[in-house]
There are 2 protein chains.
Amino acid sequence: MVEYSTPTLDAVFHALSDPTRRAMLHRLSTSERTVSELATPFNMSLAGASKHIKVLEAAGLVRRHVQGRTHICALQAARLAEAQEWLRYYEQFWQERLDDLEDILRAEDRALAETAKHGARKTPKSKPDTKE
Amino acid sequence: MVEYSTPTLDAVFHALSDPTRRAMLHRLSTSERTVSELATPFNMSLAGASKHIKVLEAAGLVRRHVQGRTHICALQAARLAEAQEWLRYYEQFWQERLDDLEDILRAEDRALAETAKHGARKTPKSKPDTKE
DNA sequence: CATTTATTCAACCAAATGGTTGACAATTGA
DNA sequence: TCAATTGTCAACCATTTGGTTGAATAAATG
C-alpha cells in the first residue's frame, strides 16, 4: 500500500485543508514574501497569520530566513510532491469512473435508439444532455 | 490563480489529513466494503469509525448504498482529481528545486576540483555523496 | 415474534484548532 | 538614544475534531 511517511502526509494535508494557508502558498509561488506581506490580504491579526505560517512551516511547505527583524518566507514544494504521489495511486479510479460514465451514456443512447425503432415504448422526452 | 471550489478542497484535504481515513480509502480502492468491514482494522469503536466514514462522505470521497441493514461503501475518486489539479500547479516548483539541487552539487564539485588543482587549500574529506 | 446484527444517534469528554489581545524582543531608522 | 517596525509568544476563548458509551432504529434470522 502506498503509505508514505504518515505524519508527513497528516501535516501536509492538514496544512492544505485551510483556504488561508492555500492562498499563502499561492502567493509564495510567485516570489518570496515577508510574514507581513503574507498576512496583509487576510482580515486577521498578524499573530493569527503568523500561526498559519507556522503550520505551513511545520508541514515542510514553507521555509524562512531572517534578515534583521524581517522574516522572509519561501515556498518549499517537495512535500507537495509526496502528497501528489499519494494521490497518483487513485488516478486509476477517477479515470475508470470517467470511462464508466461514457459507457453508461453510450448504452443508454443505444437503448433509446432500439426502443424508438420498435416503437413499443414511448421514449422519454427528457434525456441526458451529452453536449456539455 | 488556481482556486477550485474552496469548500470542496477544504473538505477533501481535511478528510485526507487523518491516517485512519486514508487507510479507509485505500481499502475501498480494492473493493466495496460495509461500514463494519471498514471499521474492523482500527482499534476504535464502530461509532468512531462511522464518524470517519461520514467525513469522507461529506467530502465526496465515499458514497454508500444501503442493502437491508448493511451500508455498502464505495470509493468516489472524482474529488481527488480536483485535489490533484490543485497540486499540479505546484509541480513546477518541486521540479525546479530538484534541478536547483543538481546545479548546486555540480558547482560544489567544480569548486572542489579547482582548489585541489591549486593546492592552496586542503579539500574537505567528507563531501556530498552523489551516488544515491 | 423474539433475538441478533448493523449502524446511527445523542450526549459527553479531552484535545486540537483558529483567532484575538497585549506584552515582549530584535532590528531599523530618525 | 528613542520611536517605530516586524514578528513571536503566552494567555485566553469559542469552535471543531476525534473518540467513547449507551440507546435507538432498521433489517435479518431463527
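Residue numbers start from 1 in every chain, and the chains themselves are labelled A, B, ... in the order their sequence lines are given, proteins ahead of strands.
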K.L.:
Could you please spell out the steps behind the side-chain contact (heavy atoms from CB on, under 4.5 Å) verdict for A/L75 and B/Y90?
P.N.:
CA-CA 10 Å; A/L75 181 67; B/Y90 294 89; 3.9 Å; yes

K.L.:
If you write DNA chain C from 5' to 3' in dot-bracket form, with Watson-Crick or G-U pairs under 3.5 Å, [ ] for crossing pairs and | for pairs with another strand, what do you get?
P.N.:
||||||||||||||||||||||||||||||

K.L.:
From NE2 of B/H65 over to P of D/dA26, roughly how many Å is that when rounded to an integer?
P.N.:
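Rounded to the whole Å, the gap is 20 Å.
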
K.L.:
Step by step, work out the salt bridge (Lys or Arg N to Asp or Glu O under 4.0 Å) result for A/R88 and A/E85.
P.N.:
CA-CA 5 Å; A/R88 197 193 302 281; A/E85 275 307 301; 2.7 Å; yes

K.L.:
Can you measure B/D18 atom CG to C/dT17 atom P for me and round it to whole angstrom units?
P.N.:
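Taking CG of B/D18 and P of C/dT17, I get 11 Å after rounding.
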
K.L.:
By salt bridge (Lys or Arg N to Asp or Glu O under 4.0 Å), which residues pair with B/E37, not counting sequence neighbours?
P.N.:
none

K.L.:
Test A/F93 against B/Q76 for side-chain contact (heavy atoms from CB on, under 4.5 Å), laying out the working first.
P.N.:
CA-CA 8 Å; A/F93 299 104; B/Q76 189 161 270; over 6 Å; no

K.L.:
Check step by step if side-chain contact (heavy atoms from CB on, under 4.5 Å) holds for A/T70 and A/V66.
P.N.:
CA-CA 6 Å; A/T70 304; A/V66 183; over 6 Å; no

K.L.:
Kindly state which residues belonging to residues 49-58 of chain A come within less than 4.0 angstrom of DNA chain D, counting heavy atoms of the residue only, listed by number.
P.N.:
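The stretch gives A/S50, A/K54 as the residues lying under 4.0 Å from the strand, ordered by number.
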
K.L.:
List the atom of A/A59, the atom of A/A11, and the distance in Å for their closest heavy-atom pair.
P.N.:
CB-O, 3.6 Å

K.L.:
With B/E57 as reference, evaluate B/R63, B/R79, B/R64 under the salt bridge (charged side-chain N to carboxylate O under 4.0 Å, His left out) test and give the passing residue.
P.N.:
B/R64

K.L.:
Provide a list of protein-nucleic acid N or O atom pairs under 3.5 angstrom, restricted to nucleotides 21-24 of chain C.
P.N.:
none

K.L.:
Keeping B/R21 on the side-chain end and B/A15 on the backbone end, is there a donor-acceptor pair under 3.5 Å?
P.N.:
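Flag set: sc B/R21 to bb B/A15 pair under 3.5 Å.
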
K.L.:
Listed by chain and number, what are the salt bridge (Lys or Arg N to Asp or Glu O under 4.0 Å) partners of A/R33, not counting sequence neighbours?
P.N.:
none

K.L.:
Testing B/R27, B/H71, B/H52 for side-chain contact (heavy atoms from CB on, under 4.5 Å) with B/L38, which one passes?
P.N.:
B/R27

K.L.:
Between B/D18 and A/D10, is the side-chain contact (heavy atoms from CB on, under 4.5 Å) condition met? List the steps.
P.N.:
CA-CA 6 Å; B/D18 186 272; A/D10 291 355; over 6 Å; no

K.L.:
Using only modelled atom types and a 3.5 angstrom limit, is any donor from either the side chain of B/R69 or the base of C/dT7 paired with an acceptor on the other?
P.N.:
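Looking at the base of C/dT7, it does not pair with any donor or acceptor on the side chain of B/R69 (distance under 3.5 Å).
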
K.L.:
OP1 or OP2 of C/dT8 less than 4.0 angstrom from a side-chain nitrogen or oxygen of B/R64, does that happen here?
P.N.:
yes

K.L.:
Within this structure, what is the CD-to-P distance between B/Q67 and D/dA27, rounded to whole angstrom?
P.N.:
13 Å

K.L.:
Pull out every residue in residues 29-39 of chain B that has a heavy atom closer than 4.0 Å to any atom of DNA chain C, ordered by number, or say none.
P.N.:
B/T34, B/V35, B/S36

K.L.:
Just how far, in rounded Å, is C1' of D/dA14 from CE of A/M44?
P.N.:
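Going from CE in A/M44 over to C1' in D/dA14 covers 15 Å.
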
K.L.:
Measure the distance from CG on A/D10 to P on C/dT17 and round it to the nearest whole Å.
P.N.:
10 Å

K.L.:
Just checking, any donor-acceptor pair under 3.5 angstrom between side chains of A/S29 and B/Y89?
P.N.:
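Result is yes, a qualifying pair exists.
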
K.L.:
Could you tell me whether a side-chain N or O of B/R22 sits under 3.5 Å from a main-chain N or O of B/L16, the two making a donor and an acceptor?
P.N.:
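Side chain of B/R22 to backbone of B/L16: a pair is present.
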
K.L.:
Taking atom P of C/dG18 as reference, at what distance in whole Å does atom CE of A/M24 sit?
P.N.:
12 Å

